[in-house]
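Below: the structure, in structure tokens.
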Number of protein chains: 2
Amino acid sequence: MMNQQPNIAAAAFLIADSARAVMLTALLDGRARPAGELAYCAGVTAQTASSHLSKLLAGGMLTVETEGRHRYYRLAGSHVALVLENLASIGPREPVRRRALTHDAQKLQFARCCYDHLAGRVGVAVACGLQERGFLVAASDKQFEVTQAGAEWFACVGLEVAAVKPGRRGLARQCLDWTERQYHLAGPLGVRFTDLLCTKGWIRRAKSSRAVEVTPMGWTGLKKHFGIEEQILRVSGDHTV
Amino acid sequence: MMNQQPNIAAAAFLIADSARAVMLTALLDGRARPAGELAYCAGVTAQTASSHLSKLLAGGMLTVETEGRHRYYRLAGSHVALVLENLASIGPREPVRRRALTHDAQKLQFARCCYDHLAGRVGVAVACGLQERGFLVAASDKQFEVTQAGAEWFACVGLEVAAVKPGRRGLARQCLDWTERQYHLAGPLGVRFTDLLCTKGWIRRAKSSRAVEVTPMGWTGLKKHFGIEEQILRVSGDHTV
DNA sequence: TCGATGCTTCGACCCGTGTCGAAGCGTGCG
DNA sequence: CGCACGCTTCGACACGGGTCGAAGCATCGA
């Protein structure tokens, strides 16, 4: 009678803790988030969060991807999300605590520097544009490969790809964006390209923040080269959270 | 950031205890059982069971009916059964269970009641047959749509589809089968259809288990209407493991 | 090479909760 | 009435697991 093959209680146990439940719901959109952010979401310290995440990982509810010194966690699949959504259909409701982002946080989410290359929604859009135009292709081991057409285009805007010295991890790396959860362009090529955009006056770095501002000239250029429009970019994905 | 409407952890907490999980799965066929029997299923004393049952009751997962000096508990609804079945699909697979399933477990995997509709390998096969014959088509939002031909066929076997009242989640739902990992037919239509199969003497529900047995007459009918053969079904997907 | 950062591991504390014995309460049956 | 039965409530106990401080490890930037 009591022989249930998959241990249903064990699976429920993983969700039963409030800290873990918050982390899981934070990942419900299917995108990846670093351990630190999940710890903040759950309102616990990094140690505690780490303990929870390892349990969820062992239980097969999460997968993890290491990016530099960050570890990005995401749901193991849509079947996990399905269970979480269904679980929400029972159980008592609670007042919605929805906190708008601060003005600064919004700017960071929109465009910023990730170490020394362009990130945020603009950074991801640029990386997507470079791929759509066939200038970059995603390769294995989290690398981008510069195509022939790409090398010509970079030269055209004033960046000689052959002259950029590859780093330890290659020339053009796929870097996971922590607000957009998609990849943007990193590595030496990403750095040089970001520098170039600064030089050309397309973008401007804030003085004491990682925020980046796109100039009117920059928007014109982004539209011309990648079809990126400011209006659309500002509206899309406006999940205030 | 930390916005989850229903307290998902509280719901999961109720399932997370092994004794409670056993009780819930024992009620998964939708029928009512007295507290004592549930205590026996879970292998705990009456006091302990009573404590668990009151928690489940307060959590809205069970309902209770008093009859004489017995108290009969049953699942609060099919949405609870849905969660339990789905939860089983993400349970941590037990370490290399080379061991064959018990006889009871095999029967459950082959044919059983999921709350109040047909599930297991037979349930999935029937749902597939209904789709192959063009009687049902998979629609969005996990729904099945009954085609014109389907309505005629159901009428032919004695089920007037138009007379079946849709529930909150529609008339015919796709329910994920936790052993087969495919969809079987749920929702009001699934319930009525299962009842019909019982009435026609094609299937027979076990007395104290969720198992379902297909009668010889049932096999004849399944072969005639859907081309389902007992031999093939018993062998196929023999992931006994 | 050194410090800062992000994350994990280790160790210790302590609250929550599952458990059962004993008692209480209602029902059914002689 | 008195007793048996089914179930719940109360109280006490013990164990598991969530929590955080401190330390360890890897990566990145200077």
Side-chain angles (χ1 to χ4, degrees), chain A residues 2 7 9-24 32-59 62-74 113-117 119 142 167-170 173 175-178 186-188 190-191 194-195 210, chain B residues 7 9-10 12-24 32-59 62-74:
Chain A
M2 60 182 78
N7 195 350
F13 171 81
L14 292 174
I15 316 176
D17 180 78
S18 66
R20 285 196 292 264
V22 172
M23 291 178 181
L24 289 170
R33 282 175 170 75
E37 185 181 334
L38 293 170
Y40 176 77
C41 285
V44 294
T45 62
Q47 312 94 287
T48 304
S50 181
S51 162
H52 288 311
L53 290 170
S54 64
K55 285 188 176 69
L56 292 171
L57 202 58
L62 297 182
T63 60
V64 68
E65 211 174 324
T66 299
E67 185 87 32
R69 49 187 171 184
H70 298 268
R71 300 195 76 192
Y72 287 88
Y73 290 88
R74 72 170 70 205
C113 281
C114 172
Y115 302 116
D116 41 19
H117 54 267
K142 293 189 196 311
R168 273 180 306 167
R169 292 164 204 259
R173 227 176 59 246
C175 181
L176 192 57
D177 196 289
W178 69 268
V191 176
T194 303
D195 285 343
R210 297 162 49 217
Chain B
N7 195 349
F13 172 81
L14 293 175
I15 316 177
D17 179 78
S18 66
R20 286 195 291 263
V22 172
M23 293 179 180
L24 288 169
R33 281 175 171 77
E37 185 180 333
L38 294 170
Y40 175 76
C41 287
V44 294
T45 62
Q47 313 92 292
T48 305
S50 180
S51 162
H52 288 311
L53 290 170
S54 65
K55 285 188 176 70
L56 291 171
L57 202 59
L62 297 182
T63 60
V64 67
E65 286 170 48
T66 300
E67 190 127 348
R69 48 187 172 186
H70 297 268
R71 301 195 75 191
Y72 287 90
Y73 290 88
R74 73 170 70 209

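Every chain is numbered from 1 and lettered A, B, ... according to where its sequence line falls, protein lines coming before strand lines.
- Residue A/Tyr73 holds its OH atom at 8.0 Å from CG of A/Leu62, rounded to the nearest 0.5 Å.
- Look at CG on A/Leu53: it is 11 Å from P on C/dT9, rounded to the nearest Å.
- Checked against C/dT8, C/dG6, D/dC7, the side chain of A/Ala46 finds its nearest nucleotide in C/dT8.
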Check: What string of B, S and - do you get for nucleotides 19-30 of chain C 5' to 3' if you count protein non-hydrogen atoms under 4.0 Å?
Finding: SBBB---BBS--
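- For A/Ala46, there are no side chain to side chain contact (heavy atoms under 4.5 Å, CB included) partners, not counting sequence neighbours.
- Note: CG (B/Leu14) to P (C/dT17) measures 11 Å, nearest angstrom.
- Applying the side-chain hydrogen bond (donor to acceptor under 3.5 Å, both in side chains) test to every pair with at least one member in residues 12-24 of chain B, sequence neighbours left out, gives these pairs: B/Arg20-B/His52.
- Computed from coordinates, the B/His70 NE2 to D/dA4 P distance equals 17 Å when rounded to whole Å.
- For B/Leu14, the side chain to side chain contact (heavy atoms under 4.5 Å, CB included) partners are B/Lys55, B/Leu56, B/Met61, not counting sequence neighbours.
- Whole-Å rounding puts the B/Phe13 CZ to C/dC15 C1' distance at 13 Å.
- B/Arg71 has no side-chain polar atom (N or O) that falls below the 4.0 Å cut-off from OP1 or OP2 of D/dG6.
- When heavy atoms are screened at a 4.0 angstrom cut-off, B/Ala35 is found touching the sugar-phosphate backbone but no base atom.
- Atom CZ in A/Arg33 sits roughly 14 Å away from atom P in C/dC7 (whole-Å rounding).
- Interatomic distance, B/Thr63 OG1 to B/Tyr72 OH, rounded to the nearest 0.5 Å: 14.0 Å.
- With sequence neighbours excluded, the residues forming a side chain to side chain contact (heavy atoms under 4.5 Å, CB included) with B/Thr45 are B/Gln47, B/Thr48, listed by chain and number.
- Within the nucleic acid shown, B/Tyr73 comes within 4.0 Å of sugar-phosphate atoms alone, with no base atom in reach, counting heavy atoms only.
- Comparing D/dT8, C/dG18, D/dG18 against the side chain of A/Arg20 picks out D/dG18 as the nearest.
- C/dT8 atom P lies 11 Å from atom CG of A/Leu62, rounded to whole Å.
- Residues passing the salt bridge (Lys or Arg N to Asp or Glu O under 4.0 Å) test with B/Arg74 are B/Glu65, sequence neighbours excluded.
- In this entry the distance linking CG of B/Leu38 with C1' of D/dC7 reads 12 Å, nearest Å.
- Rounding to whole angstrom units, CG of residue A/Leu56 and C1' of C/dT8 are separated by 15 Å.
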